Amino acid sequence: MSELNVKFGDKQQAIPAPATAIDAIKVFDRDVLKKALAAKVNGEEVDLNRELDATDEVLSIEAITSDTRDGLEVLRHSTAHLLAAAVLDLFPGTKLGVGPALMEDPRYGFYYDIIAPRNLTEDDLPVIEKKMKQMAKGDLRYRREVVEKAAILDLFKGREEPLKCELIDEKVDGSATIYHIDGSPFIDFCLGPHVQHTGKLKAFKLLALSGAYWKGDAEREQMQRIYGTAFATQEELDAWVKQREEAEKRDHRKLGRELDLFSIDDDYGQGLILWHPKGGIVRMEMERLLREELEQRGYSFVFTPHIAKRKLWTISGHEENYADGMYAPTSIEDEEYRLKPMNCPFHIGIYKSSPRSYRDLPQRYSEMGTVYRAELSGTLHGLMRVRGFSVDDAHLFVRPDQVQAEVADCLDFAIKVFDTYGFDKVKFELSVRGGAENKGYLGADEDWASAEESLAQALRERNITYERIEGEAAFYGPKIDIKIEDAIGRVWQLGTIQLDFNLPERFELEYTGDDNLKHRPFMIHRALFGSIERFFGVLIEHYAGAFPLWLAPVQVTVLPITDRINDYADSVASELRKSGFRVESNTKSDKIGAKIRDAQMQKIPYMLILGDQELENGQVAVRERKQGDVGAMSLDEFKEKITAERSSRAS
RNA sequence: GCCCAAGUAGCUCAGGGGUAGAGCGCAUCCUUGGUAAGGAUGAGGUCCCGGGUUCAAAUCCCGGCUUGGGCUCCA
């Protein structure tokens with residue numbers, strides 16, 4: 001064979017053999033070579049210098065360039081190897097774990113898990129990064145080698161790499177590939193592809209050091225994980241670093257303190273939120289919106305206690321399946337009680353309080369129910385992960401024929417509410433039973449089939465595009481998860497609409513049908529926010545603390561220019577309060593610039609600047625927090641404007 | 001829970017074996033200034049907690065507590 005038939009884009013040509021991927025690409029497009037990091041041959045990702053198989057068939061070749069996702073992945077994965085090589089060089093005897101590129105996580109670009117002879121600290125990162133840069137300049141070659149399993153095992157055994165051996169043992173059947181970085185002791189068991197040499201790695205940065213377990217298993221070896229990121233150009237890396245700093249400015253913990261919204265005080269307990277007056281206002285408004293919707297959608301409002309007898313949690317199955325998440329029992333008069341981690345059993349109690357007819361269904365109970373969960377201390381995070389929180393919970397008890405309509409209404413509800421908050425990207429995921437894996441699903445097959453179909457049908461009926469995920473359903477029923485994307489593109493899993501075949505069974509729920517026989521109702525758990533605390537945190541970051549008028553703790557601040565105007569300012573403020581607005585009046589002796597700055601830092605939507613002119617004309621000079629000065633108008637005109645803005649809940 | 005780091009005034013942080021510091025905020029006074037910081041004075045601290053080393057510890061060492069970054073996108 002002296003020639004190969006190669007296809008590149010829509011062009012095809014015979015080239016002399018033997019040839020590498022790079023030789024082939026060169027024939028068609030010399031320019032693309034500058035950006036090429038790897039190649040695809042018949043869909044398989046390979047190194048650029050991979051020799052093409054001698055074959056009569058047409059080989060389809062593509063270049064993987066640095067400006068594509070695949071290219072970035074090659075770049076990051078190669079950088080992870082460079083990291084490991086540098087660590088090995090600086091800390092001989094280091095054991096290697098895995099070092100993948102991270103393409104979904106916006107915070108990082110890659111990591112490498114290691115066990116170094118001594119625990120590394122963050123002070124080591126700059127040293128390692130320096131070593132990496134030095135190695136990058138040396139244009140060290142990534143060299144691929146195909147080796148038999150036994151030989152690879154021997155190689156890594158000899159290098160005392162037990163974790164690598166374990167991986168090889170699991171993954172390899174026959175032969176496998178390893179990669180060297182020439183000029184470094186580093187060898188990795190890896191599929192590739194990689195860049196040709198370290199000189200291709202021009203923009204990378206080490207970011208963080210953390211703990212990780214081998215295979216994520218807390219029973220296995222504790223390792224250290226070094227996170228970093230890499231881009232094709234320094235400009236892209238700089239832009240990314242800058243954006244990261246922007247995200248930090250939105251941190252809800254920082255804004256929560258600056259805007260006096262909430263606090264967490266260890267004297268009261270980790271993960272327990274103290275809502276301050278200003279946070280309280282936001283919460284009241286969030287709940288007001290929900291309440292209006294709940295009323296219109298025929299929900300009823302119920303209230304239930306924070307603890308219940310232990311026996312109840314045995315019936316519900318929480319004692320058996322969820323004990324780790326629950327606080328220890330407490331007793332009174334020899335009876336044990338436990339704090340509730342969920343509201344469901346209480347709502348079931350209400351359902352069971354009288355016999356139900358098919359005519360009574362659906363029953364829709366809603367409650368802002370406060371629950372307590374024993375989260376591990378290390379997982380706590382501001383408002384996002386807490387130990388006590390309130391769920392905008394609802395439980396619907398429905399007949400099988402009502403499932404679809406009820407779920408459809410839940411979807412409408414979610415869309416309406418998230419739209420109000422300005423989340424225009426909402427994603428829906430339908431989780432159903434998986435084929436092969438048996439998770440010990442409860443409930444009859446025909447119930448599952450009908451429930452899954454009802455959920456899917458409800459989504460289709462509302463023209464919602466959704467992702468169907470096999471095998472992600474809970475053991476007790478299929479569900480729809482709702483995820484939203486915030487103002488800076490981060491995705492948050494919030495609400496869920498979940499069918500439950502388990503609890504109706506355990507609590508022996510029933511209703512009398514039109515056939516005068518007893519039937520078991522379906523139960524739907526429905527929460528939009530999941531946790532009010534967490535959603536509050538998401539909102540703070542989404543709005544960067546600048547709440548829209550309807551949510552803002554202080555909606556208007558009145559700023560008199562001199563204290564001659566203080567009386568007029570007070571009268572304007574009290575006039576607005578009469579119309580239900582939250583107004584402050586700043587009569588300190590600061591200059592107007594300072595008062596404006598204060599208001600701006602507090603992210604108050606409207607400032608009314610009042611001086612002699614306004615007093616004389618009976619007007620207010622309006623300054624909006626983003627647009628700045630919008631001119632003078634009568635108080636009535638201003639009131640009309642903000643009344644419309646408030647009632648539309650514009651975001 | 002585990003790995004790494006941090007903990008100094010209400011907040012943000014500097015300092016560092018021998019009188020505890022700054023800016024912001026707060027209070028009082030002066031100033032009454034037209035769209036992002038006017039000035040002066042003052043109050044405010046168990047330098048996280050416990051132990052050790054030392055003539056002497058906020059500082060060095062050990063332990064604890066809390067906070068922060070993380071804890072499988074598998075070669």
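Remember, it's a predicted structure, so these values are computed and weren't measured experimentally. Numbered from 1 within each chain, the chains take letters A, B, ... in sequence-line order.
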From [atom1] of [X] over to [atom2] of [N], roughly how many Å is that when rounded to an integer?
X        : N     : atom1 : atom2 : value
A:Leu96  : B:U72 : CG    : C1'   : 17 Å
A:Lys591 : B:G34 : NZ    : C1'   : 11 Å
A:Asp113 : B:C73 : CG    : C1'   : 12 Å
A:Arg564 : B:U31 : CZ    : P     : 14 Å
A:Leu380 : B:G70 : CG    : P     : 14 Å
A:Asp590 : B:C26 : CG    : C1'   : 12 Å
A:Ile565 : B:U35 : CD1   : P     : 15 Å
A:Asp188 : B:C74 : CG    : C1'   : 12 Å

Quick one: label [X] by what it contacts on the DNA or RNA (base, sugar-phosphate, nothing), any heavy atom closer than 4.0 Å.
X        : answer
A:Ile592 : sugar-phosphate
A:Leu120 : sugar-phosphate
A:Asp612 : base
A:Gly611 : base
A:Tyr108 : sugar-phosphate
A:Thr177 : nothing
A:Gln600 : base

Can you identify which nucleotide, out of [options], has its nearest atom closest to the [X] side chain?
X        : options             : result
A:Ala208 : B:G69, B:C71, B:G38 : B:G69
A:Val98  : B:C74, B:G33, B:C71 : B:C74
A:Thr379 : B:C4, B:C73, B:C71  : B:C71
A:Leu376 : B:U32, B:C74, B:G1  : B:G1
A:Ile561 : B:G34, B:G38, B:G69 : B:G34
A:Ser210 : B:G38, B:C26, B:G69 : B:G69

Rounded distance in Å between the [atom1] positions of [N] and [M]:
N     : M     : atom1 : result
B:C48 : B:U41 : P     : 30 Å
B:U12 : B:A40 : C1'   : 24 Å
B:G7  : B:U46 : C1'   : 14 Å
B:C24 : B:G44 : C1'   : 14 Å
B:A6  : B:C61 : P     : 11 Å
B:C73 : B:A14 : P     : 34 Å
B:C49 : B:A37 : C1'   : 39 Å
B:C55 : B:C4  : P     : 33 Å

Kindly say if [X] contacts the phosphate of [N], meaning a side-chain N or O under 4.0 Å from OP1 or OP2.
X        : N     : value
A:Gln613 : B:G34 : no
A:Lys595 : B:G33 : no
A:His381 : B:G69 : yes

Test log, rule salt bridge (charged side-chain N to carboxylate O under 4.0 Å, His left out), inputs A:Lys95 and A:Glu221: CA-CA 11 Å; A:Lys95 311 275 173 258; A:Glu221 290 84 344; over 6 Å; no
Anti/syn call for B:U19, syn if |chi| within 90°: syn
Would you call [X]-[Y] a salt bridge at under 4.0 Å N-O?
X        : Y        : answer
A:Asp481 : A:Lys483 : no
A:Glu575 : A:Lys639 : yes
A:Glu624 : A:Lys641 : no
A:Lys427 : A:Glu467 : no
A:Lys278 : A:Asp260 : no

Pairing partner (Watson-Crick or G-U wobble, both distances under 3.5 angstrom) of [N]:
N     : value
B:C60 : B:G52
B:G21 : B:C13
B:A5  : B:U67
B:G42 : B:C26

Among side-chain atoms of A:Thr68 and A:Asp70, is any donor-acceptor pair under 3.5 angstrom?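 There is no such pair between these side chains.
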Without hydrogens or angle criteria, can the side chains of A:Asp570 and A:Ser585 be said to hold a donor-acceptor pair below 3.5 Å? yes
By salt bridge (charged side-chain N to carboxylate O under 4.0 Å, His left out), A:Asp173 pairs with (sequence neighbours left out) none
When you measure from every atom of RNA chain B, which of residues 250-263 of chain A have a heavy atom less than 4.0 Å away? A:Arg253, A:Arg257
Quick one, which residues of residues 614-631 of chain A touch RNA chain B with a heavy atom under 4.0 Å? A:Glu614, A:Ala621, A:Arg623, A:Asp629
Is there a donor N/O on one and an acceptor N/O on the other, under 3.5 Å, for the side chain of A:Tyr213 and the base of B:G70? no
Are there more than 12 heavy atoms of other residues, nucleotides or ligands under 6.0 Å from atom CD of A:Glu160? no
I want to confirm an ordering. Mapping A:Ile609 and A:Gln224 to their closest nucleotides on RNA chain B, which one lands closer to the 5' end?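 By nearest-heavy-atom nucleotide position, the 5'-most residue is A:Gln224.
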Position toward the 5' end of RNA chain B (nearest nucleotide), A:Asp563 or A:Leu167: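 It is A:Asp563, whose closest nucleotide lies nearer the 5' terminus.
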Do any N or O atoms from the side chain of A:Glu614 and from the backbone of A:Gly611 form a donor-acceptor pair under 3.5 angstrom? yes
For A:Glu375, run the side-chain hydrogen bond (donor to acceptor under 3.5 Å, both in side chains) check against A:His381, A:Arg385, A:Gln270 and tell me which one passes. A:Arg385
Can you check whether A:Phe638 and A:Tyr606 have ring centres sitting under 6.0 Å from each other?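 They qualify: ring centres under 6.0 Å apart.
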